[in-house]
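Worksheet for the structure shown next.
Note that this is a predicted model, so its numbers are computed, not measured.
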Amino acid sequence: MRAGELTQALQALVLQKVPTFLWGAPGIGKSSIVKQIAEKNKLGFIDLRLALMDPTDLKGIPFYDKESHTALWAPPAFLPSEGQGILFLDELNSAAPAVQSSAYQLILDRRVGEYELPEGWAIVAAGNREGDRGVTYRMPAPLANRFVHFELEVSVDDWRNWAYKSGLDSRIIAYISYKNEHLFTFDAKKEHKSFATPRSWEYVGSILQSALPASVLLETVSGAVGRDVAVSFLSFLKVMDRLPDIGKILSADDFVYSDEVDVLYALSSGLVSHYLQNPSDERLENLLRYTLKLKGEFAVMIAQDLQRAGITMEGSTVFKEWVKKFSYLLQ
C-alpha cells in the first residue's frame, strides 16, 4: 500500500483503537507516518523500541506490598497513564520472544502486570520483513492475529509530495524525479552497507547543508546512499549550473527555456520548491504562464506537484488556458 493510502487507513483505525502492524523495508518512513498521524490529530506519541528492551521493561519490577502481603508489579514510567495518543511498538518482530510475549499481553488485553493502557490510547506496531536482512523473529500466530496488517510500498509520487512539504533540498527532489529508481536501492541479496532509501536521502539533504569540503563530498554522500548513486547524483548537481534564473521566471522578468531533459527535471522541481517557499497569486500566474511553452510532460508534472501540495489553481485565468492546452495529457 502506498504511503498516501496507508495514512488514510491507519488514521481511521487509530481513531477506532484497532491495533495495526506496518510491514516494510528499512528506511522507508514507517515510523514517520505514524508520528505524522499523531501530530495531525493532536495525539500523544510514545515510541518504544522493543528490540532494545528486556521483558521486565514492559511488565515492570516486582515489589513487596506490606498491607496485602503480596508481590505487586511497579509499571514502567514510560508507559502512558492518561490522555489520548498512539503507543508505537517499533521493531516488534525484532524483539526477543520473551519481550514479544510481554507485548502480546499488552496488545491482547491492553494491560501487562499491574499496568492498564488508558482508554484513549491506540496501539500501532511496525517491523521489517523477514527477508530484509534484519534481525527478526517469526511472530506467533496468536499475536499476529491481534493486528490489522499493512505493507508499506515505496512510491516516488508520495515521496515527492512529502519532500516538498518537508522542505527537502530541491536538488534531491529533482534528481529523484529524473532517476526514480534511485529513491530506494535496497537489495536483500547484496551485502552493501550503504544504499538509498527515503531516510538516507534525508541524510544527504543534511550533508548538502553542512560546510563539508568538496574534496570529501563524494565519500560522504556514498556513505549515505552508496557509491554508484552518489556518483550519479553529484554529476546531476552540475546540471544546476545550466538552469535559468528561477526568481526571474516567477516574477515574469525573463522566460528562458531549455530542451535538455535533465535540466527540465531540475528546473521543474526548482520552480515548485521556490514557489512553495513564498506562494502568491501573482507568482502562481507567472509560473503557469511559463509552463504553457514547456514540454507537456513537465508542465503537467509541475501542476500536479502544486496540487499535491494543496495549491488551488481553479480560480486562475492562466490555468483555464493551461487546461485547454494540456488536457490531452490528463486523460
Side-chain angles (χ1 to χ4, degrees), residues 3 25-29 32 132-133 153-250 256-277 290 294-295 297-298 301-302 304-305 308-309:
I28 62 174
S32 296
D132 286 334
R133 280 197 356 233
E153 301 173 1
V154 179
S155 164
V156 173
D157 287 339
D158 287 344
W159 177 85
R160 281 161 53 84
N161 184 35
W162 168 85
Y164 279 126
K165 291 180 179 179
S166 301
L168 189 66
D169 194 304
S170 62
R171 293 172 291 179
I172 297 176
I173 302 174
Y175 178 70
I176 297 302
S177 300
Y178 181 56
K179 284 277 192 180
N180 287 188
E181 66 273 20
H182 283 179
L183 173 60
F184 183 73
T185 61
F186 174 71
D187 186 347
K189 298 178 181 178
K190 296 182 179 180
E191 295 296 331
H192 295 162
K193 295 181 176 64
S194 301
F195 46 86
T197 66
R199 179 168 58 201
S200 61
W201 281 114
E202 283 190 75
Y203 297 159
V204 173
S206 299
I207 291 169
L208 295 178
Q209 292 175 7
S210 69
L212 198 67
S215 59
V216 296
L217 186 59
L218 174 59
E219 293 300 326
T220 306
V221 175
S222 296
V225 295
R227 182 82 179 187
D228 292 344
V229 175
V231 169
S232 178
F233 172 66
L234 293 180
S235 297
F236 182 82
L237 290 190
K238 297 177 182 178
V239 171
M240 301 300 168
D241 297 334
R242 309 202 302 272
L243 290 185
D245 191 314
I246 291 177
K248 289 184 178 180
I249 292 174
L250 293 176
V256 178
Y257 295 88
S258 173
D259 292 326
E260 299 177 77
V261 173
D262 52 356
V263 172
L264 288 172
Y265 273 108
L267 177 61
S268 299
S269 297
L271 285 168
V272 174
S273 292
H274 279 71
Y275 172 78
L276 293 177
Q277 291 171 16
Y290 177 79
L294 270 183
K295 289 184 177 180
E297 59 268 33
F298 294 98
M301 185 170 70
I302 290 173
Q304 289 178 336
D305 285 344
R308 291 191 189 101

Do you know the tightest heavy-atom contact between Val204 and Ala224?
CG2-CB, 4.0 Å

Any non-hydrogen side-chain atom of Val225 less than 4.5 Å from a side-chain atom of Thr185?
no

Can you tell me how far CG of Leu168 sits from CD1 of Ile176, rounded to the nearest 0.5 angstrom?
9.5 Å

Using side chain to side chain contact (heavy atoms under 4.5 Å, CB included), reason through Trp201 and Phe233 one step at a time and then give a plain yes or no.
CA-CA 11 Å; Trp201 281 114; Phe233 172 66; 4.1 Å; yes

Shortest non-hydrogen contact from Ser194 toward Gly223:
OG-O, 2.8 Å

Please determine whether the number of non-hydrogen atoms from other residues, nucleotides or ligands lying under 6.0 Å from atom CG of Asn180 exceeds 12.
yes

How about Asp245 and Val256: do any of their side-chain heavy atoms sit closer than 4.5 Å?
no

Straight-line distance of Asp305 CG to Ile173 CD1, nearest 0.5 Å:
8.5 Å

Say whether, by atom type as modelled, one donor and one acceptor occur between the side chain of Tyr257 and the main chain of Tyr290 under 3.5 angstrom.
yes

Between Ala3 and Asp158, the two heavy atoms sitting closest are N-OD2, 3.1 Å

Leu234 side chain near Tyr175 side chain, heavy-atom distance below 4.5 Å
no

With rounding to the nearest 0.5 angstrom, report the OG to CG distance, Ser210 to Leu217.
8.0 Å

Measure across Met240 and Ala266 and return the closest heavy-atom pair with its distance rounded to 0.1 Å.
CE-CB, 3.8 Å

Who are the ring pair (Phe, Tyr, Trp, His ring centres under 6.0 Å) partners of Tyr203, not counting sequence neighbours?
none

With a 4.5 Å limit on heavy-atom distance, are the side chains of Leu267 and Pro244 in contact?
yes

Apply side chain to side chain contact (heavy atoms under 4.5 Å, CB included) to residues Arg242 and Asp262 and explain how you reach the verdict.
CA-CA 10 Å; Arg242 309 202 302 272; Asp262 52 356; 3.2 Å; yes

Modelled atom types, side-chain donor and acceptor of Tyr178 and Ser269, under 3.5 Å
no

Can you tell me how far CG of Leu243 sits from OG of Ser170, rounded to the nearest 0.5 angstrom?
8.5 Å

Please answer whether the main-chain N or O of Asp228 pairs with a side-chain N or O of Ser232 as donor and acceptor at a distance below 3.5 Å.
no

Check: Arg199 and Ser32 side chains under 4.5 Å, non-hydrogen atoms:
no

Working note: His274 + Ile249, criterion side chain to side chain contact (heavy atoms under 4.5 Å, CB included); need CA distance, chi angles, decisive distance, verdict.
CA-CA 11 Å; His274 279 71; Ile249 292 174; over 6 Å; no

Phe184 and Phe195: aromatic ring centres closer than 6.0 Å?
no

I need the minimum non-hydrogen distance between Leu264 and Lys295, along with the two atoms involved.
CD1-CD, 3.8 Å

What verdict does the side chain to side chain contact (heavy atoms under 4.5 Å, CB included) test give for Tyr265 and Lys179, after you've listed the backbone C-alpha separation in whole Å, the side-chain angles of each residue and the deciding distance to 0.1 Å?
CA-CA 10 Å; Tyr265 273 108; Lys179 284 277 192 180; over 6 Å; no

Hey, could you give me the CD/CD1 distance between Glu202 and Ile207, rounded to the nearest 0.5 Å?
12.0 Å

Is any side-chain heavy atom of Leu218 less than 4.5 Å from a side-chain heavy atom of Arg227?
yes

Mind checking the OG-CD1 spacing from Ser155 to Ile28? Nearest 0.5 Å is all I need.
11.0 Å

Would you name the heavy atoms of Tyr164 and Ser268 that are closest together and state the gap between them?
OH-O, 4.4 Å

